[in-house]
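Shown next, in structure tokens, is the structure this report addresses.
All values below were derived from every heavy atom in this structure, side-chain atoms included, with hydrogens, water molecules and symmetry-related copies excluded.
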Number of protein chains: 2
Amino acid sequence: MSARTRSLTHAHPTEVSLQDALDAVGDPVRRAILRELAGAPDWTRACGTFDLPVTKATRSHHFAVLRAAGLIEQRDEGPRRLNRLRRPEFDRRFPGLLDLILAEPATDQCGSA
Amino acid sequence: MSARTRSLTHAHPTEVSLQDALDAVGDPVRRAILRELAGAPDWTRACGTFDLPVTKATRSHHFAVLRAAGLIEQRDEGPRRLNRLRRPEFDRRFPGLLDLILAEPATDQCGSA
DNA sequence: TGATATGGTCGATGTTTATCGAACACTGTA
DNA sequence: TACAGTGTTCGATAAACATCGACCATATCA
């Protein structure tokens, strides 16, 4: 993680388009991340601790998309990168959307195996 | 329109997955259709009357996706195919989602030009 | 019957994107 | 310093999918 990369993890977009939000939420792996994140206190889950059927390269990609969409926030804690669901912020911008995602039952493919 | 095709336009799916709903709503052209449809009484708009930046082949494809997702219903009226937004049904299945789409401002690209 | 209008189907094309392995960067520890 | 653990970046690949032109089917009207 370079200094440049680290600074980007803290910055979250001021205004996210509906298109970006729907794209972010349109992937089942990313929805699994959101559900798993919603079930834990803030800043307790590192990226590598999620139960996902993809390699760490793909995993890193999905976290970047969620970050760009304003759905999560990240903070470096030693070698790991801890996550927080930006629930109130996202709810204010897109009321009801996150509730739909979190209400979705987890599949065999993505998480809760 | 064959008899087979016509019967399919009336049938709408009993249970739509969140994935299908998000896919359907993830395209800007389809969101433009939904917004335009929401601004008119039921069964007053034929497929060809929508202001869309695509050819009729693509248009027909988008209407089929919306139908499969349970977002619209279609009925043949002579040579045209009239549409109805299945708003109460969709709202009951995915509360808040359609509201987000309809609240989105129309772009230059898709509709309300 | 022919002409016109509406809409669907088919095959091809281009773009987007999810995915992976490999290499790299950083942190913490022995 | 060396090593192990965590996460990102890069290049390549494959699968979806939005798009189009061309053709087909149906309905209405002259």
Side-chain angles (χ1 to χ4, degrees), chain A residues 1-11 17 19-20 22-33 37 43-69 72-83 107 109-111, chain B residues 1-11 17 19-33 43-69 72-83 107 109-111:
Chain A
M1 314 159 202
S2 67
R4 176 180 156 277
T5 299
R6 200 172 307 132
S7 74
L8 284 179
T9 63
H10 292 262
S17 68
Q19 183 71 69
D20 287 343
L22 292 175
D23 285 344
V25 138
D27 186 278
V29 175
R30 289 195 283 267
R31 289 199 299 276
I33 293 176
L37 203 47
W43 311 120
T44 59
R45 301 293 307 269
C47 298
T49 68
F50 288 75
D51 181 25
L52 303 172
V54 293
T55 67
K56 60 176 182 169
T58 303
R59 186 180 304 244
S60 183
H61 163 66
H62 285 308
F63 275 95
V65 172
L66 290 174
R67 207 189 314 137
I72 66 170
E73 191 175 357
Q74 299 186 307
R75 177 209 295 174
D76 288 340
E77 188 91 358
R80 358 191 192 321
R81 183 160 285 189
L82 300 181
N83 296 277
T107 66
Q109 293 300 322
C110 293
Chain B
M1 312 155 203
S2 66
R4 177 180 156 276
T5 300
R6 200 172 308 132
S7 75
L8 284 179
T9 63
H10 291 262
S17 69
Q19 183 71 69
D20 288 342
L22 292 175
D23 286 344
V25 137
D27 187 277
V29 175
R30 289 195 282 266
R31 289 199 299 275
I33 293 175
W43 310 119
T44 59
R45 302 293 306 269
C47 298
T49 68
F50 288 75
D51 181 24
L52 303 172
V54 293
T55 66
K56 61 174 183 169
T58 304
R59 187 181 303 244
S60 183
H61 163 66
H62 285 309
F63 274 95
V65 173
L66 290 174
R67 206 190 315 138
I72 66 170
E73 192 176 357
Q74 299 186 307
R75 176 209 295 175
D76 288 340
E77 187 90 356
R80 351 193 195 331
R81 182 160 285 188
L82 301 181
N83 297 276
T107 67
Q109 293 300 320
C110 293

Legend entry - Ring-face cation of R45(B) near F50(B) (centre distance under 6.0 Å, axis angle within 45°): yes

Inset, instruction - Would you please test R67(B) and Q74(B) for side-chain contact (heavy atoms from CB on, under 4.5 Å) and show each step? - result: CA-CA 8 Å; R67(B) 206 190 315 138; Q74(B) 299 186 307; 2.7 Å; yes

Legend entry - R67(A) vs dT8(D): side-chain N/O to OP1/OP2 distance below 4.0 Å: yes

Legend entry - Criterion side-chain contact (heavy atoms from CB on, under 4.5 Å) on N83(A) and W43(A), from CA distance to verdict: CA-CA 5 Å; N83(A) 296 277; W43(A) 311 120; 5.8 Å; no

Legend entry - DNA chain C: 5'-proximal contact among C47(B) and E77(A) (nearest heavy atom): C47(B)

Inset, instruction - Give the C-alpha distance, both sets of side-chain angles, the deciding distance and a yes or no for side-chain contact (heavy atoms from CB on, under 4.5 Å) between H62(B) and I33(B). - result: CA-CA 9 Å; H62(B) 285 309; I33(B) 293 175; 4.1 Å; yes

Inset, instruction - Send over the distance from R75(B) CZ to dA27(D) C1', rounded to a whole Å. - result: 17 Å

Inset, instruction - Starting from P on dG21(D), measure out to CZ on R59(B) and report it in whole angstrom. - result: 13 Å

Legend entry - F63(B) CZ - dT19(D) C1' separation (whole Å): 16 Å

Legend entry - Value in whole Å for how far the C1' atom of dG7(C) lies from CD of Q74(B): 10 Å

Please write out the pairs of protein N or O atoms and N or O atoms of nucleotides 18-20 of chain C separated by less than 3.5 Å, giving the distance to one decimal.
residue, atom, partner, partner atom, Å
dA18(C), OP1, R30(A), NH2, 3.2
dA18(C), OP2, H61(A), NE2, 2.8
dT19(C), OP2, H62(A), NE2, 2.4
dC20(C), OP2, T55(A), N, 2.9
dC20(C), OP2, T55(A), OG1, 3.4
dC20(C), OP2, T58(A), OG1, 3.1

Inset, instruction - To the nearest Å, give me how far apart CG (L22(B)) and C1' (dC17(D)) are. - result: 16 Å

Inset, instruction - Check the distance between dG7(D)'s C1' and L52(A)'s CG and give it to me in whole angstrom. - result: 14 Å

Legend entry - Contacts of R30(A) that satisfy salt bridge (charged side-chain N to carboxylate O under 4.0 Å, His left out) - sequence neighbours left out: none

Inset, instruction - Please work out if A46(A) contacts a base, only the sugar-phosphate, or nothing of the nucleic acid, heavy-atom cut-off 4.0 Å. - result: sugar-phosphate

Inset, instruction - Could you go through the side-chain contact (heavy atoms from CB on, under 4.5 Å) check for V25(A) and L22(B) one step at a time? - result: CA-CA 8 Å; V25(A) 138; L22(B) 292 175; 3.5 Å; yes

Inset, instruction - Figure out the CG/P separation between D20(B) and dA16(D), and round it to whole Å. - result: 14 Å

Legend entry - d(CZ, R81(A); P, dT8(D)) in whole Å: 5 Å

Legend entry - Side-chain donor or acceptor of T49(A) paired with backbone N/O of A46(A) under 3.5 Å: yes

Inset, instruction - Please determine if a side-chain N or O atom of R80(B) lies less than 4.0 Å away from the OP1 or OP2 oxygen of dT28(D). - result: no

